[in-house]
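For reference, the structure is listed below as structure tokens.
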2 protein chains.
Amino acid sequence: MAEDQGGDVNQGKKTRRRGAALERAILQAAAEELAEVGYSNLTMDAVAARAGTSKNVIYRRWPNRAALSVAAYRQMLPTDPKDTPNAGDLRSDALALLNRANDRLSSPAGKILREILSDIQNDPDRVREIHGQLVNVGVAPWLTILARATARGEVGPEALTPRVASVAVDLLRNEYVINGVTKVPASTIIEIVDQIFLPLVRAHR
Amino acid sequence: MAEDQGGDVNQGKKTRRRGAALERAILQAAAEELAEVGYSNLTMDAVAARAGTSKNVIYRRWPNRAALSVAAYRQMLPTDPKDTPNAGDLRSDALALLNRANDRLSSPAGKILREILSDIQNDPDRVREIHGQLVNVGVAPWLTILARATARGEVGPEALTPRVASVAVDLLRNEYVINGVTKVPASTIIEIVDQIFLPLVRAHR
DNA sequence: GGCAATACGATACTGCTCGTATCCTACTCG
DNA sequence: CGAGTAGGATACGAGCAGTATCGTATTGCC
């Protein structure tokens, strides 16, 4: 068994890594640093040291700290699909989805994402990179539960737009932007669903 | 030949400022720096130089760059009340308010605000300081136009909650968080009003 | 199998900026 | 009018991004 996983530190360093293997080792190291100290405290020196390489090699692959962090963050995502809730009524499904989003956003990974997002506002390339990858994915399950609700006659088909579908998550995200780091309380989740989401989709009928 | 050794052309400070006057001068200098180079490029050295003082004096009043910037930002706000639009129908008023918010958010001041907000997420004191001052103020006019619409019978009184009132601005703010710096296009404004805000408030009836 | 090109890794260095320390001096207040 | 306080100039330590150099392991080509 060769230690082709860049995982643990190769104390002996028999061989000098290159190409893809090295790249994986760097991303792994960067992801670990992100998890341990967060984006704002992540330093290129630390990543290089942890990966057992030098900053030079990193800068040959990513133009700056932000780009490396974005790439590393994408590595550390769960990627398990997590089936869409289907309780039989729209309110339960919406609450489940929104609570799930809240868990994601308040998790360490969520904190990291928000740190990165805020630091790259003036780097359109990076923003687009994260946008398509991370933000949009959340809309699909909402469209699914709305489609089921439509089939049940709970709401009209006019509610099946991305804007309507994403409204709850958008408002939740806004809570984090406005209030800072703390986790959004359950009461706010319920408020968003009962005062905004449900009245809105039922209006489209 | 420079006669500026020691004493220059005698616009030299006759008197050494102190207390409130000095504080105002520093905030003024900081506000100018914010306007010229933005928050992320604002340096304490530059502020001190522009104010004709030294960093020492600044740090005696504010604990760090973020706190100074927040204080300076509050100085540079317009504070002109800007009367609430009253066109006679809710849609026009909502569009007017939302366009106004869009102008504010896309202005240099808006960019600065977003830069600051993103940099102080781990500084709860600072977040609260900005929150109460800047974020909440936007809700009042929305409650006003909703109240007028209620009086006209356009919507029911259940729509008169802060959450409903702020939903359009919240969604707009979210656009900036997600999409980065560019100004949100008019089509998005209309979408928010016609797909979200109006159906929502009419549902409360 | 040998050799040149290339990528790695170590180290050092520049440049920038925050925040602090020192020391002198102008001004205020008793 | 003298002591204490606050302002101002300057220097400094520390941390970190990003760049430059240089020797060397590795690889791919012949």
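Note that the coordinates shown come from a computational prediction; the quantities given were computed from them, not determined experimentally. We name chains A, B, ... by the order of the sequence lines, and we start the count at 1 in each one.
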With sequence neighbours left out, what residues match [X] under side-chain contact (heavy atoms from CB on, under 4.5 Å)?
X        : answer
B/Ala48  : B/Lys55, B/Ile58
A/Pro108 : none
B/Ala96  : B/Pro85
B/Thr150 : B/Val155, B/Pro157, B/Leu160

Ignoring hydrogens and angles, write down the donor-acceptor pairs under 3.5 Å from the side chains of residues 21-31 of chain B, residues two or more places apart or on other chains.
{"residue": "B/Gln28", "atom": "NE2", "partner": "B/Glu32", "partner atom": "OE2", "Å": "2.6"}

Contact summary for B/Val127 and A/Ile178, nearest pair of heavy atoms
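Nearest pair, atom of B/Val127 first, then A/Ile178: CG1-O, 3.5 Å.
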Separation of atom [atom1] in [X] from atom [atom2] in [N], rounded to whole Å:
X       : N      : atom1 : atom2 : result
A/Arg17 : D/dT24 : CZ    : C1'   : 16 Å
A/Lys55 : C/dA7  : NZ    : P     : 21 Å
A/Leu22 : C/dT6  : CG    : P     : 18 Å
A/Ile58 : C/dC8  : CD1   : P     : 12 Å

Could you run down the sub-3.5 Å N/O contacts of the protein with nucleotides 23-25 of chain C?
{"residue": "C/dT25", "atom": "O2", "partner": "B/Arg16", "partner atom": "NH1", "Å": "3.0"}

Min side-chain heavy-atom separation A/Arg163-B/Ile192 under 4.5 Å
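Yes. Closest side-chain heavy atoms under 4.5 Å.
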From the set D/dA6, D/dT27, C/dG19, return the single nucleotide nearest to any side-chain atom of B/Tyr59.
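Closest nucleotide among those given: C/dG19.
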Considering residues at least two apart in sequence or located in another chain, which fulfil the ring-ring contact (aromatic ring centres under 6.0 Å, His included) criterion with B/Tyr39?
none
Kindly say if A/Thr15 contacts the phosphate of D/dT26, meaning a side-chain N or O under 4.0 Å from OP1 or OP2.
yes
Indicate whether OP1 or OP2 belonging to C/dC8 is found under 4.0 Å from a side-chain N or O atom of A/Thr53.
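So the side-chain polar atoms of A/Thr53 never come under 4.0 Å of the phosphate oxygens OP1 or OP2 of C/dC8.
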Kindly determine whether A/Gln121 and B/Glu115 satisfy side-chain contact (heavy atoms from CB on, under 4.5 Å), including the steps that lead there.
CA-CA 8 Å; A/Gln121 292 294 327; B/Glu115 275 186 307; over 6 Å; no
Quick one: bend of the helix from C/dG1-D/dC30 to C/dG30-D/dC1 from 5 pairs per end, to 10°?
10°
In chain order, what residues pass the side chain to side chain donor-acceptor pair (under 3.5 Å) check against A/Asp194, with sequence neighbours excluded?
A/Arg91
Side chains of B/Gln195 and A/Thr161, donor plus acceptor under 3.5 Å:
yes
With no hydrogens and no angle check, do the side chains of A/Asp170 and B/Asn174 hold a donor and an acceptor under 3.5 Å apart?
yes
Stretch [range]: residues that reach within less than 4.0 Å of DNA chain D through a heavy atom:
range                     : answer
residues 60-67 of chain B : B/Arg60, B/Arg61
residues 34-46 of chain A : A/Leu42, A/Thr43, A/Met44
residues 25-33 of chain B : none

Is the backbone N or O of B/Ala140 less than 3.5 Å from a side-chain atom of B/Thr144, with the two atoms forming a donor-acceptor pair by type?
yes
Between A/Arg100 and A/Asp103, is there a side-chain N and carboxylate O pair less than 4.0 Å apart?
no
Do the charged groups of A/Glu175 and A/Arg114 touch, with an N to O distance under 4.0 Å?
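Here A/Glu175 does not pair with A/Arg114 in a salt bridge, since their nearest N and O are not under 4.0 Å apart.
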Please test B/Ser69 against B/Trp62 for side-chain contact (heavy atoms from CB on, under 4.5 Å), starting from the C-alpha separation and ending with a verdict.
CA-CA 9 Å; B/Ser69 301; B/Trp62 296 275; over 6 Å; no
